[in-house]
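Report on the structure given below.
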Amino acid sequence: MGQKINPFGFRLGITQGHHSIWFAQAKNYSDGLQEDQKIRNCIKNYLQKNMRISSGVEGIARIEIRKRIDLIQVIIYMGFPKITNPYGHPNILAEFIAGQLKNRVPFRKAIKKAIELTEQVDTKGIQVQIAGRLDEKEIARVEWMREGRVPLQTIRAKIDYCSYGVRMVYGVLGIKIWIFWE
């Protein structure tokens, strides 16, 4: 069995920066991480319940948290119209695929549509993987499609990654997206 690593954490500090910027003593570090996770979950849950954007992209590209002694600054990067190329962000693309799957679109068609949307943006490659009980079958399986290059072994490669879970009637599906930039 191969060892898997999160592509974002693998390249942290080389080609990508942190999504949380703060400092804590060693004894308070775990509390700070839990606080960050609670803030992110609260924002995502609030937006899922209260905001419905008609443009088709309701997603959050990323949430940055910056903490100081007396101030917590939260920056939310959302879909249209704030981001010029929203389908270049794997989180928004994963939410698009999840919406398609919830509307009973066949998973291969949803993957192909997502790949077409990223071809409009200037990317060098994309890989989309869906795992779980696809098409309501009894046995879970993994299906993936790749377009272009996605060099996961190259540390200098700028790769955006997203892992997203979707609750369906027949179980949970996992969506993973890797987007390779220049």
Side-chain angles (χ1 to χ4, degrees), residues 1-48 57-68 72-79 82-98 111 114-115 117-118 121-132 140 142-167 172-182:
M1 185 170 159
Q3 301 295 319
K4 307 293 189 290
I5 188 166
N6 188 320
F8 182 74
F10 190 50
R11 293 166 178 82
L12 199 59
I14 297 170
T15 60
Q16 294 167 337
H18 294 272
H19 290 309
S20 294
I21 301 171
W22 48 271
F23 175 78
Q25 298 294 331
K27 61 182 177 181
N28 299 331
Y29 191 78
S30 63
D31 294 335
L33 285 177
Q34 290 175 357
E35 184 181 23
D36 281 5
Q37 195 60 39
K38 287 178 184 176
I39 291 170
R40 285 189 170 89
N41 289 339
C42 180
I43 291 170
K44 287 178 184 177
N45 291 337
Y46 176 79
L47 288 177
Q48 284 179 352
V57 178
E58 300 107 20
I60 299 172
R62 71 179 188 271
I63 299 172
E64 287 186 4
I65 299 173
R66 297 179 184 164
K67 295 181 187 176
R68 296 189 205 149
I72 295 178
Q73 183 180 12
V74 179
I75 302 169
I76 304 170
Y77 295 92
M78 291 186 71
K82 302 285 183 185
I83 299 173
T84 55
N85 298 323
Y87 291 116
H89 293 274
N91 292 336
I92 294 177
L93 206 57
E95 290 187 13
F96 171 77
I97 293 173
I111 292 175
I115 289 174
L117 290 172
T118 55
V121 186
D122 189 25
T123 59
K124 286 195 169 184
I126 178 173
Q127 181 174 335
V128 180
Q129 174 181 313
I130 298 180
V142 178
E143 294 283 333
W144 60 273
M145 285 187 193
R146 181 188 302 147
E147 186 73 32
R149 294 178 50 224
V150 184
L152 296 176
Q153 299 294 320
T154 308
I155 296 177
R156 291 260 178 220
K158 172 100 170 70
I159 294 179
D160 285 341
Y161 170 75
C162 172
S163 178
Y164 192 84
V166 184
R167 289 189 173 269
V172 178
L173 297 179
I175 302 171
K176 290 184 180 179
I177 298 177
W178 296 265
I179 298 178
F180 174 46
W181 297 92
E182 297 181 30

Which side-chain N or O atoms in residues 144-158 pair as donor and acceptor under 3.5 Å with protein atoms at least two apart or in another chain?
residue : atom : partner : partner atom : Å
R146    : NE   : Q127    : OE1          : 3.3
R146    : NH2  : Q127    : OE1          : 3.4
K158    : NZ   : D160    : OD1          : 3.2

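Taking 4.5 Å as the limit, every side-chain heavy atom of Y161 sits out of range of all side-chain heavy atoms of I177. Taking 4.5 Å as the limit, every side-chain heavy atom of Y87 sits out of range of all side-chain heavy atoms of I179.
Once rounded to the nearest 0.5 Å, the distance linking CD1 of I21 with NE2 of H18 reads 8.0 Å. Distance check, rounded to the nearest 0.5 Å: CG of D31 to CG of D36 gives 11.0 Å. Taking CD1 of I60 as the start and NE2 of H89 as the end, the distance is 12.5 Å to the nearest 0.5 Å. Within the model, atoms CD1 of I97 and CG of L173 stand 11.0 Å from one another, a figure rounded to the nearest 0.5 Å. Here I39 contributes atom CD1 and K44 contributes atom NZ; the two are 12.5 Å apart, rounded to the nearest 0.5 Å. Expressed to the nearest 0.5 Å, how far OG1 of T118 lies from NZ of K124 amounts to 15.0 Å.
Across every non-hydrogen atom of C162 and N91, the tightest pair is SG-OD1, 2.8 Å. The minimum heavy-atom distance between I159 and Q16, with the atom names listed, is O-NE2, 2.6 Å. Nearest heavy atom pair, residue V166 against residue A98, reads CG2-CB, 3.4 Å. I65 approaches W22 most closely through the heavy-atom pair O-CD1, 4.4 Å.
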(Q) Is there a side chain to side chain contact (heavy atoms under 4.5 Å, CB included) between V121 and W181? Walk through the geometry before answering. (A) CA-CA 10 Å; V121 186; W181 297 92; 3.6 Å; yes
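S20 pairs in a side chain to side chain donor-acceptor pair (under 3.5 Å) with only one of the listed residues (R66, E35, E64, R40), which is R40.
A distance-only check finds no donor-acceptor pair linking the side chain of K67 to the backbone of A24 [under 3.5 Å].
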